[in-house]
Amino acid sequence: MIDNRPVSYSGVQPSGNLTIGNYLGAIKNFPIYSEQYKCFYCVVDQHAITVRQVPAELRRRTYETLALYIACGLDPEKNTLYVQSHVPAHTEMAWMLNCFTMFGELSRMTQFKDKSQKHADNINAGLFTYPVLMAADILLYQTNVVPIGHDQKQHLELARDIVDRFNQLYPDTFTMPEPIIAKSGAKIMSLAEPTQKMSKSDENENAVVRILDAPDAIMRKFKRAVTDSDSEIRFDPENKPGVSNLLTIYSCFSGKTIEESEREFDGKGYGDFKAAVGQVCCDKLIPVQEEYRRILADKAYLEEVMKKGADEASYYARKTLSKVRRKLGFVNL
Ligand code: AQP
């Protein structure tokens with residue numbers, strides 16, 4: 001049956017063990033859209049190889065990321081959950097969109113600049129054109145909304161520029177996607193360097209809290225989180241980045257506003273505050289971890305979900321691909 005609801009699309013790279021940044025900025029919000037939107041949520045394994053991966057780990061994390069999607073509340077019967085490399089239309093569309101994306105535009109992407117500094121020995125063309133593949137992911141499904149964390153905003157703006165350019169030359173080809181960036185939690189910062197984004201590929205384990213970390217590790221990491229020499233628990237990202245990040249995390253996990261959280265810890269010390277942040281994080285993550293372990297144990301089920309998702313996604317992707325091929329002048333057999 002054709003589903004005519006507007007489309008929500010997003011993805012996560014299986015490039016490391018996912019963090020509470022990935023959770024609060026993206027995955028936790030995905031199920032919200034499942035009723036109102038036709039939802040596609042992808043494990044973007046082809047994006048992950050822009051940085052060297054250990055093959056066995058990439059394969060394992062692909063299953064794990066899918067299991068986490070489901071554990072976080074994404075029902076495979078209500079959402080199309082699939083793996084990017086199972087739908088070849090993504091790379092085919094990316095090639096075509098490459099020819100409508102300017103070198104200068106890609107050179108301005110801050111993630112490219114950051115990652116080329118971090119991986120100076122491997123500044124490959126894929127790292128450079130990554131945002132075009134991301135645009136292809138989104139545009140293939142005629143997407144209306146893209147729930148993402150703050151760091152992906154610039155890439156989404158590029159996707160929108162590509163739509164503008166393409167639709168001017170070939171009218172009515174792509175739907176213009178709108179970002180949905182959560183008001184709170186869209187940029188969770190590192191616990192060790194609170195002016196830097198928390199990233200799953202960070203080598204400093206004390207900087208990141210992972211969705212699957214054991215409760216004692218979560219408590220320990222929050223206990224060690226960098227704060228400041230002051231003692232006031234106040235939201236002020238400029239002057240108190242560490243404390244503000246912890247307040248954000250507390251507020252996102254507890255459902256309380258930042259103001260309510262500030263009031264709750266008024267007059268309390270950093271030690272009590274950090275323990276409370278760790279506790280609320282454990283309370284929310286433990287049920288997710290239990291569900292995740294149950295789902296991950298059933299590999300055959302996960303492969304069934306992957307297969308069904310790839311078939312569904314391919315059906316929609318092929319329609320857009322064929323339209324674009326026709327518009328560009330390729331012969332469709
Ligand atoms: N720190 C963060 N705070 C809020 N949202 C975040 N996201 C990532 N980090 C944070 C959001 O998570 C979704 C999936 O991200 P991704 O897998 O596409 O890669 P990324 O944005 O590059 O995330 P990482 O964790 O930093 O991965 P690595 O270390 O591999 O580069 C996106 O919606 C993202 O915005």
Side-chain angles (χ1 to χ4, degrees), residues 8-30 32-33 39-54 57-58 61-62 64-66 68-69 72 74 83-84 90 109-119 122 126-127 130-131 133-135 137-138 143 145-159 177-205 207-213 225 237 241 244-246 248-249 251-253 281:
S8 169
Y9 188 96
S10 201
V12 174
Q13 297 184 64
S15 51
N17 294 328
L18 305 197
T19 72
I20 55 167
N22 301 125
Y23 179 73
L24 297 175
I27 304 178
K28 173 176 165 272
N29 306 319
F30 290 171
I32 299 171
Y33 307 101
C39 293
F40 296 87
Y41 295 121
C42 186
V43 180
V44 285
D45 55 348
Q46 287 167 319
H47 284 287
I49 62 162
T50 53
V51 170
R52 290 281 172 266
Q53 301 291 337
V54 176
E57 284 180 12
L58 180 64
R61 288 200 193 111
T62 301
E64 290 173 353
T65 307
L66 182 65
L68 256 185
Y69 273 177
C72 289
L74 286 175
V83 177
Q84 188 182 32
H90 286 247
M109 295 294 119
T110 51
Q111 197 176 75
F112 170 68
K113 291 183 203 163
D114 291 348
K115 289 208 170 169
S116 4
Q117 261 185 7
K118 220 164 130 191
H119 305 279
N122 181 24
L127 193 64
Y130 167 116
L133 180 57
M134 178 168 154
D137 301 339
I138 296 166
T143 298
V145 297
V146 188
I148 40 169
H150 193 270
D151 64 320
Q152 294 296 338
K153 186 167 176 260
Q154 194 186 29
H155 292 161
L156 195 82
E157 276 160 12
L158 178 70
E178 301 288 339
I180 301 187
I181 298 176
K183 282 202 184 71
S184 189
K187 195 168 187 187
I188 299 298
M189 310 308 268
S190 151
L191 296 192
E193 283 178 82
T195 52
Q196 305 289 318
K197 186 191 85 142
M198 185 182 286
S199 266
K200 63 172 110 64
S201 58
D202 197 322
E203 281 160 11
N204 179 359
E205 266 308 307
V208 281
V209 176
R210 303 191 186 273
I211 304 177
L212 298 172
D213 273 346
S244 305
N245 188 38
L246 294 177
T248 302
I249 295 170
S251 146
C252 288
F253 276 118
C281 179

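Whatever order the structure lists them in is the order used to number ligands and atoms, beginning at 1. Just so it is clear, the model here is predicted, and its values are computed rather than measured.
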Ligand 1 atoms nearer than 4.0 angstrom to some heavy atom of Lys187 are 3 (N), 4 (C)
Of all residues at least two apart in sequence or in a different chain, which pass the salt bridge (charged side-chain N to carboxylate O under 4.0 Å, His left out) check with Glu205?
Arg210, Lys221
Answer yes or no: is there a side-chain heavy-atom contact under 4.5 Å between Cys281 and Ile20?
yes
With a 4.5 Å heavy-atom cut-off, do Asp151 and Lys187 have their side chains touching?
no
Asn245 (side chain) donor-acceptor with Pro194 (main chain) under 3.5 angstrom
no
Look at ligand 1 and say whether Pro14 reaches it with a heavy atom at a distance under 4.0 Å.
no
Quick test: of every protein heavy atom, which one is nearest to atom 29 (O) of ligand 1, and how far off is it to 0.1 Å?
Ser201 OG, 2.5 Å
Met198 to ligand 1: N or O pair under 3.5 Å?
yes
Protein contact of atom 3 (N) of ligand 1 - nearest heavy atom, named by residue and atom, plus distance
Ile188 N, 2.9 Å
Closest candidate by heavy atom, reference atom 13 (C) of ligand 1, pool Ala26, Gly149, Ala182, Ser199
Ala26
Would you call Gly185 a ligand 1 contact, heavy-atom distance under 4.0 Å?
yes
re atom 30 (O) of ligand 1, the protein heavy-atom contact at minimum distance is Ser15 OG, 2.7 Å
Where do Val208 and Ser199 come nearest, in terms of heavy atoms and distance?
CG1-O, 3.1 Å
Taking atom 6 (C) of ligand 1 as the reference point, the nearest protein heavy atom with its distance:
Gly21 O, 3.4 Å
Say whether Met189 and ligand 1 are in contact under the criterion: heavy-atom distance to a ligand atom below 4.0 Å.
no
Which atoms of ligand 1 are found less than 4.0 Å from any heavy atom of Ile148?
33 (O)
Would you please determine whether Lys115 falls within less than 4.0 Å of ligand 1 on a heavy-atom basis?
yes
Give me the residue, atom name and distance of the protein heavy atom closest to atom 17 (O) of ligand 1.
Lys200 NZ, 2.6 Å
N or O contact, Gln152 vs ligand 1, cut-off under 3.5 Å:
yes
Quick one: look up the protein heavy atom nearest atom 24 (P) of ligand 1 and list residue, atom name and how far away it is.
Lys197 NZ, 3.5 Å
Closest non-hydrogen atom pair between Pro147 and Ser10, with its separation
O-OG, 2.7 Å
Does Ala186 come within less than 4.0 Å of ligand 1, judged by its heavy atoms?
yes
Could you tell me, atom by atom, which parts of ligand 1 come under 4.0 Å of a heavy atom of Gln13?
16 (P), 17 (O), 18 (O), 19 (O), 22 (O)
For Leu18 against Gln13, the heavy-atom pair lying closest together:
CD2-O, 4.0 Å
Closer than 4.0 angstrom: is that true for some heavy atom of Asn22 and an atom of ligand 1?
yes
Identify, with sequence neighbours excluded, every residue that meets ring pair (Phe, Tyr, Trp, His ring centres under 6.0 Å) alongside Tyr130.
His47, His155
Euclidean distance, Lys200 NZ relative to Asn17 CG, rounded to 0.5 Å:
10.0 Å
Return the orientation label for the Tyr69 and Tyr41 ring planes: parallel under 30°, perpendicular over 60°, tilted otherwise.
perpendicular
So which atom in Cys42 and which in Gln84 form the shortest heavy-atom distance, rounded to 0.1 Å?
SG-N, 3.5 Å
Restricting to non-hydrogen atoms, name the atom on Asn29 and the atom on Leu24 that form the minimum distance, rounded to 0.1 Å.
ND2-O, 3.3 Å
If you count the atoms of ligand 1 from 1 in the order shown, which ones are under 4.0 Å from a heavy atom of Gly11?
14 (C)
Proximity flag Asp151 to ligand 1, non-hydrogen atoms under 4.0 Å:
yes
Smallest heavy-atom separation, Leu156 atom then Pro177 atom, equals CD2-O, 4.4 Å
Contact atoms of ligand 1, heavy-atom distance to Gly25 under 4.0 Å
4 (C), 5 (N)
Where's the contact between Gln111 and ligand 1, heavy-atom distance under 4.0 Å: side chain, backbone, both or neither?
side chain
